[in-house]
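Only one structure is covered here, and it is reproduced in the block below.
The analysis underlying the following values was restricted to heavy atoms, covering all of them including side chains, and did not include hydrogens, waters or symmetry mates.
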Amino acid sequence: MTFQTGSKSYMYELKIPNKREVELIKILFLNERNKNRVVVEDNKKILDCYKIASLLKQYGKTNEIVDLYLKNSIEGSYEKLESDFDVIFNKMIEKDLSFYENTQARIVFYSWLSTQSLRTFGVRQKIIERLNKNNDVDVSNSWAIISILLASELSLSLFLEKPKRPIFLIENKTDITFLTSDQPIINLDARDDGSSPAHLSWYYPLGPRLALLFPEPGKHEEFYGKVLDSDQVDYLNKRVVDLSHAQFYADSQRMIERYVENDKKFSFN
């Protein structure tokens, strides 16, 4: 099974934001009436670096450090988080969830899930298109930093939930293996019309036979604490396919053919 890794193609490169982008960023992340003052101060520190680098670039006063920041700073933060998450991932594939009782590990876990769900090309494209259509603002230049700040707020919200929501490992012993895709973490509560969902229940395949479920309390109880049947695995796999952007991955050609046969979204070259 193939998993998404960091890219060196500057997908996360920051560029000079337009005026509408700057206005939106201020509304979303620097408004003390809507969020905690400490959060706003942290956001300001992050955005000040972006502001200074953008102005230097705009007026031709750039240098190697500025260019390196704009091209690699977001990618570097993802790489650091992925490195921290590796320890947790290795525990999960050994069916060990003891890390979840450790506060620092739980922070890393929430941060990784949040950033991974927002960093993909598919999410980037959908949100940029939606903002452009509904709000007449193009956030292409600054999306990389917007996604980082949105993920930070989401992970903080999850951390502050009381009581903390449980997590579950789902074992698959059927003759159908789990799929993954270019959107490796999906929200099972995502709406088919693309509108913002009311609930968040993350599903993350760890391998062909094991997956993580991080559900909204009281939802999707049919998938954990029980033996999955083929219909349930099919349902999860179809959600992976439906919520993918352009690709999904399986451990065999047979599994791919099972889901592309009647799906016009995918075809073999």
**Q.** salt bridge (Lys or Arg N to Asp or Glu O under 4.0 Å) against Glu32, all qualifying residues, sequence neighbours excluded
**A.** none
Q.
Using side-chain heavy atoms (C-beta onward) and a distance below 4.5 Å, is Asn31 in contact with Val40?
A. no
Q. Do Leu154 and Leu150 come close enough that some side-chain heavy atom pair is under 4.5 Å?
A. no
**Q.** Under the side chain to side chain contact (heavy atoms under 4.5 Å, CB included) test, residues paired with Val22 that sit two or more places apart
**A.** Pro17, Lys26
Q | Any residue meeting salt bridge (Lys or Arg N to Asp or Glu O under 4.0 Å) with Asp48, in chain and number order, not counting sequence neighbours | A | Lys44
Q: Compare every heavy atom of Leu118 with every heavy atom of Trp143, then report the nearest pair and how far apart it is.
A: CZ2-O, 3.8 Å
Q: Only counting residues at least two apart or in another chain, list the ones meeting side chain to side chain donor-acceptor pair (under 3.5 Å) with Ser157.
A: none
Q. Can you tell me how far CD1 of Ile27 sits from CG of Leu24, rounded to the nearest 0.5 angstrom?
A. 6.0 Å
Q. How would you list, by chain and number, every residue that makes a salt bridge (Lys or Arg N to Asp or Glu O under 4.0 Å) with Asp42, sequence neighbours excluded?
A. none
Q: Please find out if less than 6.0 Å separates the ring center of Trp202 from that of Tyr110.
A: no
(Q) Run the side chain to side chain donor-acceptor pair (under 3.5 Å) test against Lys91 and tell me which residues pass, sequence neighbours left out. (A) none
(Q) I need the full list of salt bridge (charged side-chain N to carboxylate O under 4.0 Å, His left out) pairs touching residues 219-235, with sequence neighbours left out, sorted by first then second residue. (A) Asp189-Lys219, Asp234-Arg258
Q. Where do Tyr100 and Arg165 come nearest, in terms of heavy atoms and distance?
A. OH-O, 2.6 Å
Q.
For a 4.5 angstrom cut-off between non-hydrogen side-chain atoms, does Tyr78 reach Ile148?
A. yes
(Q) Using the side chain to side chain donor-acceptor pair (under 3.5 Å) criterion, which residues pair with Gln104? Sequence neighbours excluded. (A) none
(Q) Taking the side chain as everything from C-beta on, heavy atoms only, tell me whether Val240 gets closer than 4.5 Å to Tyr203. (A) yes
(Q) Just verifying a value: how many Å separate Ile16 CD1 and Leu70 CG, rounded to the nearest 0.5 Å? (A) 8.0 Å
Q. Which pair of non-hydrogen atoms, one from Phe29 and one from Leu149, has the smallest distance, and what is that distance?
A. CE2-CB, 3.4 Å
Q) Restricting to pairs with a member in residues 15-25, which pass salt bridge (charged side-chain N to carboxylate O under 4.0 Å, His left out), not counting sequence neighbours? A) Arg20-Glu23, Arg20-Asp136
Q | Non-neighbouring partners of Lys95 that pass salt bridge (Lys or Arg N to Asp or Glu O under 4.0 Å), sequence neighbours left out | A | Glu171
Q) Is Val108 close to Phe99 at the side-chain level, that is, under 4.5 Å between some pair of heavy atoms? A) no
Q | Results of side chain to side chain donor-acceptor pair (under 3.5 Å) for Asp96 - residues two or more places apart only | A | Ser98
Q) In terms of ring plane angle, is the pair Phe214 and Phe109 parallel, tilted or perpendicular, where the classes change at 30° and 60°? A) perpendicular
Q.
Side chains of Asp182 and Ser244 only: does a donor on one sit below 3.5 Å from an acceptor on the other?
A. no
Q: Any chance you could measure Leu243, atom CG, to Lys238, atom NZ, to the nearest 0.5 Å?
A: 14.0 Å
(Q) Under 4.0 Å between a side-chain nitrogen and a carboxylate oxygen: does that hold for Glu13 and Lys57? (A) no
(Q) Less than 4.5 Å apart, side chain to side chain, heavy atoms only: is that true for Leu206 and Leu169? (A) yes
Q | Contact list for residues 101-112, test salt bridge (charged side-chain N to carboxylate O under 4.0 Å, His left out), sequence neighbours left out | A | Glu101-Lys164
Q. Can you name the one residue among Gln183, His245, Gln125 that meets side chain to side chain donor-acceptor pair (under 3.5 Å) with Thr120?
A. Gln183
